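As the structure is a prediction and not an experimental result, all values here were calculated from the model. In what follows, chains are A, B, ... by sequence order, proteins preceding strands, each numbered from 1.
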Amino acid sequence: RKEVEQDPGPFNVPEGATVAFNCTYSNSASQSFFWYRQDCRKEPKLLMSVYSSGNEDGRFTAQLNRASQYISLLIRDSKLSDSATYLCVVNGPVTDSWGKLQFGAGTQVVVTP
Amino acid sequence: DVKVTQSSRYLVKRTGEKVFLECVQDMDHENMFWYRQDPGLGLRLIYFSYDVKMKEKGDIPEGYSVSREKKERFSLILESASTNQTSMYLCASSRWNSYEQYFGPGTRLTVT
C-alpha cells in the first residue's frame, strides 16, 4: 500500500470554477502535511503547508482531517495558470530522519477557457 | 533567490556505463536528497544526506550510490546503468530543521 494516495485525475475545470480534491495517507503518526505544485516538465515547488485548523492562501484552501487521514486542497476562481499537477506530501515515519518526506503521485488539474 | 542546479537536463547513456549526476545548492542547506520520478509512482527517495560525508538510504537505493564531499554538492552515481534506471532524477535540498524542500530542474536520463 502506498504511503500517500491521490486520484491522478485529470480534473478538467472551467476557468472561474472551483475544484477540490483529496489525498489519503497511511501513517497515523504523521505530523506535517504539504501541497506541492508541479508544472509540466518542471520541478515541484511548495504551494502551501497544511495546518490542523485548516488554512487559506489566496484562492487556495487546505484542510486536514486526522480522523480519516486525508488532506484536501480547494482552488476557487480557477485560473488557466492553475493548470498543474498537485502533489500531496507528508512527513515520513517517526523513525525516519528529520526532513524526509513521502510524496503522492499527484493530481492533475487542467483549467480550460 | 534560492537555487538548486543539476549538471544536465537530458542525458543518454548505454547499459553498463557509469553515470554521474551532480547537484549543487547555494542556500547553505544541510539536507540534500536524490529522487527519481516515474509516471504513476510519484517521487521516490533514492538517498538522503544530512551533512557532509553522511548519507542514508532512501526507499530505492539499489543500483545507486552517492557522494557528499562538500556541503553544497551532492552526487548520484549509477555504477552500471540499466534500462530500468531510465527516469527523471530530481535533486532537492532543505534546512536541517525544515520540511520545505527546494528542487533542481531535474535530469531526464535515458539508458539504452
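Annotation for A/A105 and B/G40: closest pair CB-O, 3.7 Å, computed over non-hydrogen atoms.
Interatomic distance, CZ of B/F33 versus NZ of A/K100, reported as 8.5 Å (0.5 Å rounding). How far CG of A/L46 is from OG of B/S98: 8.5 Å, rounded to the nearest 0.5 Å. Atoms OG1 and CD, on A/T85 and B/Q37 in that order, are 8.5 Å from each other to the nearest 0.5 Å. How far CZ of A/R41 is from CZ of B/R9: 10.0 Å, rounded to the nearest 0.5 Å.
Hydrophobic clustering (side-chain heavy atoms under 4.5 Å, transitive across Ile, Leu, Val, Met, Phe, Trp, Tyr) keeps B/V66 apart from B/V24. A single hydrophobic cluster is not seen to contain both A/L74 and A/I71; linkage of ILVMFWY side chains at heavy-atom distances under 4.5 Å, directly or through other members, places them apart. B/L90 and A/V89 end up in the same hydrophobic cluster when Ile, Leu, Val, Met, Phe, Trp and Tyr side chains are linked at under 4.5 Å. Under the 4.5 Å side-chain heavy-atom criterion for grouping Ile, Leu, Val, Met, Phe, Trp and Tyr, B/I60 is connected to B/L21 within one hydrophobic cluster. Linking Ile, Leu, Val, Met, Phe, Trp and Tyr residues whenever their side-chain heavy atoms come within less than 4.5 Å places A/L80 and A/V109 in a single cluster.
Heavy-atom neighbours of B/K71 NZ from other residues, nucleotides or ligands within 6.0 Å: above the threshold of 12.
Using a 4.5 Å cut-off on side-chain heavy atoms (C-beta onward), A/Y36 and B/Q101 make contact.
There is no contact between A/Q6 and chain B, counting heavy-atom distances below 4.5 Å. For chain A, the nearby parts of B/L43 are the backbone and the side chain; heavy atoms of each come within less than 4.5 Å. Looking at B/D38, there are no atoms closer than 4.5 Å to chain A (heavy atoms on both sides), in backbone or side chain.
Ranked by heavy-atom pairs under 4.5 Å with chain B, the list A/G104, A/P44, A/P8 is led by A/P44.
No donor-acceptor pair under 3.5 Å is formed between the side chain of B/Y99 and the backbone N or O of A/S49.
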